[in-house]
Amino acid sequence: MIVRLLLWMMLMTAATADAARPAKPVLLIHGGAGVIRSTLTPQVEQAVRADLARALDAGYAVLEAGGSALDAVARAVVVLEDSPHFNAGKGAVFTHEGRNELDASIMDGATRRAGAVAGVRHVRNPVLLARAVMDKSPHVLLIGEGAEAFGRTVGGIDFVEPAYFHTDERWRQLQEALQKEAAGQSSSLGRAIHYGTVGAVALDSHGRLAAATSTGGMTNKRWGRVGDSPIIGAGTYADARCAVSATGWGEFFIRATVARDICARVEYGRQPLLKAARAVVMDTIPALGGDGGVIAVDADGNFTLPFNTDGMYRGWVGRDGKAHVAILADED
Ligand code: ASP
């Protein structure tokens, strides 16, 4: 009898300790989906892999220190925005008029608070302005000059001259797009070779989820075009069960409300995250005529990075705490 009682007490203590022990965090990042194999030079590949690894390190350090998923995704996205190799912040693509107009969003799964900005031209890290919209304004989405005026009132936002965003490679891509357009090869914005938007999703050790996405949009965009990245529910979404950040042909991601659809399948349909994300990326988007990919994590730490293109710049740290970086489809 005494032995059984002792055994029971030991089991209960172990169970309580298990429940109290913080979960191992999870972090996923992406740097855009697209056709990669034919265009990637060894130099660019090396630089992209190094920057993805740096972004993972920066975000995961926040999580390892017990920080929030929200801080971790913002931190990882800032590193990718500051790199010239991704279509966000420093490496943003050019509009038809030769300008850079940046979009970003962030969402906190625990509270379902969200913030977003679109069409900003002087903000070094649009994801931080999106965070400020969430934290310091009563709004969710601010655009253009108004968003920047708000940013100047809150402090802590780094403003830069438009020339900061210029990179020769993105300028060359615009010239190529303009030439094709003039030759009648494509009338306007269409499928991109490589999208290059950046994003992050995380599960922290307290079980909270968050997602963030940042982009320059699509080369040769005009008329104030805004894609899915700053649209909560399309390019970014997080709730208590599920967090998603997307990359791809934004018009289709908006029409399919991609990020929310994945989380709704988990919530209403009780679908496993992997199945939900796969259905939307592999069936819904291609059926509409679009392409791209997502990163997604759920509250149990299950995660997935599906894409329907040749590759997707991506990285993840799962519950084993090991960092992985991959580019092509066959690398997992
Ligand atoms: N989804 C982005 C947009 O349409 C593009 C990208 O993923 O790079 O603006």
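Counting starts at 1 for both ligands and their atoms, following the listed order.
Close to ligand 1: G196, with a non-hydrogen atom less than 4.0 angstrom away.
Interface atoms of ligand 1 facing G217, defined by a heavy-atom separation under 4.0 Å, are 5 (C), 9 (O). Within the listing of ligand 1, atoms 4 (O) sit less than 4.0 angstrom from a heavy atom of G250.
Residue S229 touches ligand 1 through its side chain alone, judged by heavy-atom distances below 4.0 Å. Of the heavy atoms in K221, none comes closer than 4.0 Å to ligand 1.
Annotation: atom 4 (O) of ligand 1 to nearest protein heavy atom, R225 NH2, 2.8 Å. Given atom 6 (C) of ligand 1, the protein heavy atom at minimum distance is T197 OG1, 2.5 Å.
When each of N87, D291, T247 is tested with Y195 by the rule side-chain hydrogen bond (donor to acceptor under 3.5 Å, both in side chains), just one qualifies, namely D291. With D239 as the partner, the salt bridge (Lys or Arg N to Asp or Glu O under 4.0 Å) test is satisfied by one option alone out of R113, R112, R260: R260. The one candidate from S245, S105, S229 that meets the side-chain hydrogen bond (donor to acceptor under 3.5 Å, both in side chains) condition with T213 is S245.
Close N/O approach between D228 and ligand 1 is found [any backbone or side-chain N/O within under 3.5 Å]. By the 3.5 Å distance cut-off applied to N or O atoms, G227 is not counted among the residues near ligand 1.
We find that E101 and R222 are not joined by a salt bridge, their nearest charged nitrogen and carboxylate oxygen being 4.0 Å or further apart. Under a 4.0 Å N-O distance rule, the pair R54/D57 does not qualify as a salt bridge.
One option in G248, G290, P230 has a heavy atom closer to atom 7 (O) of ligand 1 than any other, and that option is G248.
Side-chain contact, R75 with Y60: no donor N or O sits under 3.5 Å from an acceptor N or O.
Ring centroids of F94 and H166 are separated by less than 6.0 Å, placing the two rings close together.
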